[in-house]
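Just so we're on the same page: letters track the sequence lines, and every chain starts at 1. Because the structure is a prediction, the values reported are computed rather than measured.
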Protein chains: 2
Amino acid sequence: MRQLGIGELARQVGMRPSALRYYESVGLLPAAERAAGRRVYPAGIVRRIALIKMAQRAGFTLAEIRGLLDADAERGATRQWRALAESKLPELDRFIEQTQILRDAVADCLACGCMNFEKCELLSADGPGS
Amino acid sequence: MRQLGIGELARQVGMRPSALRYYESVGLLPAAERAAGRRVYPAGIVRRIALIKMAQRAGFTLAEIRGLLDADAERGATRQWRALAESKLPELDRFIEQTQILRDAVADCLACGCMNFEKCELLSADGPGS
DNA sequence: CCTTGACCTCAAGTGCGCTTGAACCATGAG
DNA sequence: CTCATGGTTCAAGCGCACTTGAGGTCAAGG
């Protein structure tokens, strides 16, 4: 399996090495193996980072993401992982729904030509409460 | 039309008064009318704030949101608003897609019982690139 | 009259998610 | 051998989105 240096990995995932070191420091990434003092990552780490980035974009904090991923490692934490995942599901649903409303609002607003996002009638249908 | 004090408004939209003052200070909210020195908001402001919160959750910075909403005010900025909105649409689409992948991943992972989010086979189908 | 409470301003502080800087080490090319 | 490249640690700094604190104003109520 292909091995990556921190710079190479950073390039692949579109981050800076400092960010990866930071992730390691807060326990989001496992402490990488060292070759002559340098971090060496298995290619599979890319998936984990992609996952982290997705979750992050979805509004999870790094601490929450660590919670989700740690559950994999800790054998006893399965229950915790279930609980966290289950509690987050409706949140994610709500979030997706809201984002779609926004997306459609922007699209409709462009289409309808009113050029006034705030007052656009098309936005009145849903009523984005709370 | 109903008028709101800052505290009342804050309660309605689930924020603190300080956040609303902050929004005003950065130009996200128009400088509210004052009655005896106090801010008085028209009820319609709730919609604007809801909009701001949605956009924010979708990953827009406050500066970007201000850009979107300012376009309403500035007559000449219609072109800018179109451009910004159009440029953001594919971003929003990509974002929704990614979030749905994450949501489904979490859901499937709960369902499949593998209890290993990171290595779950169900995640291998998509390949969250970039 | 005096207090209470909600509001005001302005400056400074907070937490998150990194980035930057200083000082150092190891490998490879010229 | 020398030096560039790219890595290391650790502490401090930064930008965003607010929050908090100090010190003051105003209107209603006991």
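- A distance of 12.0 Å separates CD1 in B:Ile45 from OH in B:Tyr23, rounded to the nearest 0.5 Å.
- Remark: the backbone N or O of A:Thr61 is paired with a side-chain donor or acceptor of A:Glu64 at under 3.5 angstrom.
- Distance NZ (B:Lys53) to C1' (D:dA17): 14 Å, rounded to an integer number of Å.
- One can place CD of B:Gln56 at 14 Å from C1' of C:dC16, the figure rounded to the nearest angstrom.
- Listed by residue number, B:Arg16, B:Ser18, B:Ala19, B:Tyr22, B:Tyr23 are the residues of residues 14-25 of chain B with a heavy-atom contact under 4.0 Å to DNA chain D.
- Atom CG in A:Leu62 sits about 12 Å away from atom C1' in C:dG15, given to the nearest Å.
- Residues A:Leu29 and A:Ile49 meet the side-chain proximity criterion, which asks for heavy atoms closer than 4.5 Å.
- Going from atom CG of A:Leu9 over to atom P of D:dG6 covers 16 Å, rounded to whole Å.
- With a 4.5 Å cut-off on side-chain heavy atoms, B:Leu4 and B:Pro42 do not count as touching.
- If you measure from atom CZ of B:Arg34 to atom C1' of D:dC26, you get 14 Å, rounded to the nearest angstrom.
- Remark: C1' of D:dC16 and CD of B:Glu64 are 12 Å apart, rounded to the nearest angstrom.
- In this structure, A:Ile6 places its CD1 atom 10 Å from C1' of D:dT8, rounding to the nearest Å.
- Spacing between atom CD of B:Glu8 and atom C1' of C:dG5 amounts to 15 Å, rounded to whole angstrom units.
- The side chain of A:Arg38 places no N or O atom within less than 4.0 Å of a non-bridging phosphate oxygen (OP1 or OP2) of C:dA26.
- Within 6.0 Å of CD in B:Glu33 there are 12 or fewer heavy atoms belonging to other residues, nucleotides or ligands.
- At least one donor-acceptor pair closer than 3.5 Å links the side chain of B:Arg48 to the backbone N or O of B:Leu28.
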